[in-house]
Peer 1: 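After the structure tokens below, expect a handful of questions from me.
Just so we're on the same page: letters track the sequence lines, and every chain starts at 1.
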Protein chains: 2
Amino acid sequence: MASIPPRVLPAYGKVKAFIKKRISTGIWKPGDSVPSESVLMVQFGVSRMTVNRALRELMGEGLVTRVQGSGTFVAELHRISSTLSIRDIHEVVVERGHIHTARVLLAAAENASADLARTLGLSSGGPVFHTILIHLENGVPIQYEDRYVNPAAAPRYLETDFTRITPTHHLLEEAPLTEASYSIEACLPSALEAKHLEIKSGEACLAMMRRTVSGANIASVARLVYPGSRYSFAGKFQA
Amino acid sequence: MASIPPRVLPAYGKVKAFIKKRISTGIWKPGDSVPSESVLMVQFGVSRMTVNRALRELMGEGLVTRVQGSGTFVAELHRISSTLSIRDIHEVVVERGHIHTARVLLAAAENASADLARTLGLSSGGPVFHTILIHLENGVPIQYEDRYVNPAAAPRYLETDFTRITPTHHLLEEAPLTEASYSIEACLPSALEAKHLEIKSGEACLAMMRRTVSGANIASVARLVYPGSRYSFAGKFQA
DNA sequence: CAGTGGTCTAGACCACCGA
DNA sequence: CGGTGGTCTAGACCACTGG
């Protein structure tokens with residue numbers, strides 16, 4: 001008996017909206033229990049699957065927690081979480097309608113230090129690929145990219161023309177991404193970084209350390225330095 | 001908590017795993033079409049709802065895109081997205097097993113400048129609450145918090161003992177969060193900030209600008225400054 | 001034990017796309 | 001038009017929680 005097809009908001013959406021509203025207005029506070037699926041079923045006149053989907057999605061959004069055998073509860077909202085996207089810098093720049101270019105400062109195979117070999121998960125201190133690039137937006141340097149690549153993950157890495165194809169782009173095609181971790185911190189640029197970014201050595205920078213995993217290999221570790229005056233990360237969260 | 005998977009993967013999980021594997025190994029490349037729900041139904045011997053759930057979750061994870069009437073396709077994986085959590089600093093510090101304390105430098109009502117009134121969405125330049133505090137972890141300053149609060153959203157804000165309850169905590173209880181946006185950038189601290197953070201004025205810092213919305217009100221705008229040497233944001237992404 | 005959520009089925013109607 | 005995904009139902013069995 002598919003009732004009236006809600007061409008505006010689907011039934012599970014109505015259930016979600018109802019619960020969201022009660023949470024966001026504070027009627028239900030963190031820790032409070034949310035009505036059970038069977039109660040909501042009756043209340044909205046929908047099937048259990050529909051209620052279940054609504055609650056499952058709310059859990060995915062971090063608004064409620066669910067415990068089998070126990071119930072559904074308003075989550076402790078003591079955190080704001082949002083999605084931080086890390087994208088190929090070429091795409092980002094082009095999307096802004098600007099011109100992306102790159103200068104290649106280094107593209108070579110090197111012998112890995114013991115430290116680096118460990119970071120890349122290499123048993124022996126074999127060769128690794130090392131590239132250093134400057135990315136420019138409309139001719140202005142916006143990123144210093146210092147990257148080490150595991151040859152096992154992308155054997156043809158050095159054949160790439162990095163003025164046309166970014167390392168990130170090549171790696172995404174060559175070594176399908178399975179995992180990545182990063183950290184963002186503030187730092188002052190080294191003399192070399194400052195010179196190539198064309199900033200004063202006292203200017204604060206954002207540094208992102210990024211480590212990517214492809215299958216069994218640690219594919220690459222990179223240090224990306226952005227001039228603080230020309231770059232920021234932004235994000236948004238909606239309940 | 002979520003580390004013990006069911007002894008057998010649920011049916012929808014098997015479908016997801018199958019598709020994920022084909023994407024992560026590069027057998028299916030971005031833009032390729034994924035078998036339709038009806039094909040996967042037969043292939044796995046499950047109902048359409050089960051296949052649908054698998055595909056819907058994969059879309060939520062950003063691995064595939066779906067177009068009604070057209071089909072399901074492997075997403076362009078040219079972005080890494082991950083969840084950046086912004087949490088109450090008190091919780092973070094305590095969770096690390098450390099002691100959180102706070103120094104209150106300012107807690108007062110002020111007349112909003114025209115600029116600030118606009119930022120907070122106040123029609124007139126009425127009073128706003130202004131607090132400045134230093135958060136310390138085991139006695140070491142880790143965050144300078146300069147915050148303006150809309151009195152309409154949290155009228156009792158200034159009654160709070162900020163050495164015991166963080167502004168974030170009070171606001172989350174008083175003004176249920178509906179929306180937040182932030183940006184992270186690198187900067188050098190002002191003389192005042194450097195002094196209270198007990199760092200040199202030339203040390204790079206992370207600055208987060210955060211704006212929170214509660215219902216119809218812009219509840220608060222804050223500038224949070226972290227010494228670069230003592231703080232970083234980290235995140236992780238898994239395919 | 002009764003109640004909860006976790007999963008699953010075998011249908012169904014609809015809106016949309018491309019040929 | 002046939003095929004696709006979007007949604008929904010009215011059942012069902014199971015595992016887990018709590019008293």
Side-chain angles (χ1 to χ4, degrees), chain A residues 1-20 22-23 28 30-76, chain B residues 1-20 22-23 28 30-76:
Chain A
M1 294 308 208
S3 45
I4 327 94
R7 54 190 51 124
V8 263
L9 194 60
Y12 74 89
K14 288 180 182 167
V15 178
K16 284 178 68 175
F18 170 82
I19 295 171
K20 277 190 177 186
R22 274 180 174 46
I23 293 176
W28 295 345
D32 286 1
S33 81
V34 171
S36 72
E37 295 189 350
S38 54
V39 169
L40 290 168
M41 252 176 82
V42 175
Q43 185 171 330
F44 284 87
V46 298
S47 76
R48 201 185 137 209
M49 276 298 280
T50 301
V51 171
N52 181 271
R53 175 171 175 182
L55 292 173
R56 196 153 28 78
E57 291 192 0
L58 287 172
M59 186 173 59
E61 295 170 23
L63 290 178
V64 304
T65 59
R66 315 192 75 196
V67 182
Q68 186 174 130
S70 180
T72 303
F73 308 90
V74 178
E76 305 293 329
Chain B
M1 316 274 258
S3 48
I4 310 166
R7 39 180 165 293
V8 279
L9 205 57
Y12 73 88
K14 288 179 184 166
V15 178
K16 283 179 69 174
F18 170 82
I19 295 171
K20 277 189 178 188
R22 277 184 171 43
I23 293 176
W28 295 345
D32 286 2
S33 81
V34 171
S36 73
E37 295 189 350
S38 55
V39 169
L40 290 168
M41 252 176 84
V42 175
Q43 185 172 331
F44 284 86
V46 298
S47 76
R48 199 185 140 211
M49 276 299 282
T50 301
V51 171
N52 181 272
R53 174 170 176 182
L55 292 173
R56 195 155 26 81
E57 291 192 1
L58 287 172
M59 186 174 59
E61 295 170 23
L63 290 177
V64 303
T65 58
R66 316 192 73 197
V67 182
Q68 186 174 140
S70 178
T72 302
F73 307 91
V74 177
E76 306 292 329

Peer 1: Using whole Å, what does the distance between atom P of nucleotide C:dG3 and atom CZ of A:Arg66 come to?
Peer 2: 18 Å

Peer 1: Any heavy-atom pair between the side chains of B:Tyr12 and B:Val46 that's under 4.5 Å?
Peer 2: no

Peer 1: Could you give the CD-to-P distance, from B:Glu37 to D:dG6, as a whole number of Å?
Peer 2: 7 Å

Peer 1: With sequence neighbours left out, what residues match B:Ser70 under side-chain hydrogen bond (donor to acceptor under 3.5 Å, both in side chains)?
Peer 2: none

Peer 1: Looking at residues at least two apart in the chain, or sitting in another chain, which of them share a side-chain hydrogen bond (donor to acceptor under 3.5 Å, both in side chains) with A:Ser36?
Peer 2: A:Ser38

Peer 1: Can you check whether B:Tyr12 has a side-chain N or O nearer than 4.0 Å to OP1 or OP2 of C:dC8?
Peer 2: no

Peer 1: Are A:Val34 and A:Trp28 close enough that some pair of their side-chain heavy atoms sits under 4.5 Å apart?
Peer 2: yes

Peer 1: Pairs in or reaching into residues 30-41 of chain B: which pass salt bridge (Lys or Arg N to Asp or Glu O under 4.0 Å), with residues at least two apart or in two chains?
Peer 2: B:Glu37-B:Arg48, B:Glu37-B:Arg66

Peer 1: Just how far is it from atom CG of A:Leu40 to atom OG1 of A:Thr50, taken to the nearest 0.5 Å?
Peer 2: 11.5 Å

Peer 1: Under 4.0 Å, heavy atom to any atom of DNA chain C: which of residues 41-56 of chain B qualify?
Peer 2: B:Gly45, B:Val46, B:Ser47, B:Arg48, B:Met49, B:Thr50, B:Arg53

Peer 1: Within the 4.5 Å heavy-atom criterion, are B:Glu57 and A:Arg56 side-chain neighbours or not?
Peer 2: yes

Peer 1: Rounded to whole Å, how long is the line connecting atom CD of A:Gln68 with atom C1' of D:dG18?
Peer 2: 13 Å

Peer 1: For C:dT4, take OP1 and OP2 only and decide whether either is under 4.0 Å from a side-chain N or O of A:Ser36.
Peer 2: yes

Peer 1: I need the CG-P distance between B:Leu9 and C:dC8, as an integer number of Å.
Peer 2: 9 Å

Peer 1: Does B:Thr72 make a side-chain N or O approach to OP1 or OP2 of D:dG5 shorter than 4.0 Å?
Peer 2: yes

Peer 1: For residues 55-75 of chain A, pull every pair meeting ring-ring contact (aromatic ring centres under 6.0 Å, His included), keeping only residues two or more places apart or in separate chains.
Peer 2: none

Peer 1: I need the CG-P distance between B:Leu40 and C:dT9, as an integer number of Å.
Peer 2: 13 Å

Peer 1: Would you say that B:Ile19 contacts B:Leu55 through its side chain, given a criterion of any heavy-atom pair below 4.5 Å between the two side chains?
Peer 2: yes

Peer 1: With each end axis built from five pairs of C1' atoms, what bend angle do you get for the helix from C:dC1-D:dG18 to C:dG18-D:dC1? Round to 10°.
Peer 2: 10°

Peer 1: Under 4.0 Å: is that the gap between some side-chain N or O of B:Ser38 and OP1 or OP2 of D:dG3?
Peer 2: no

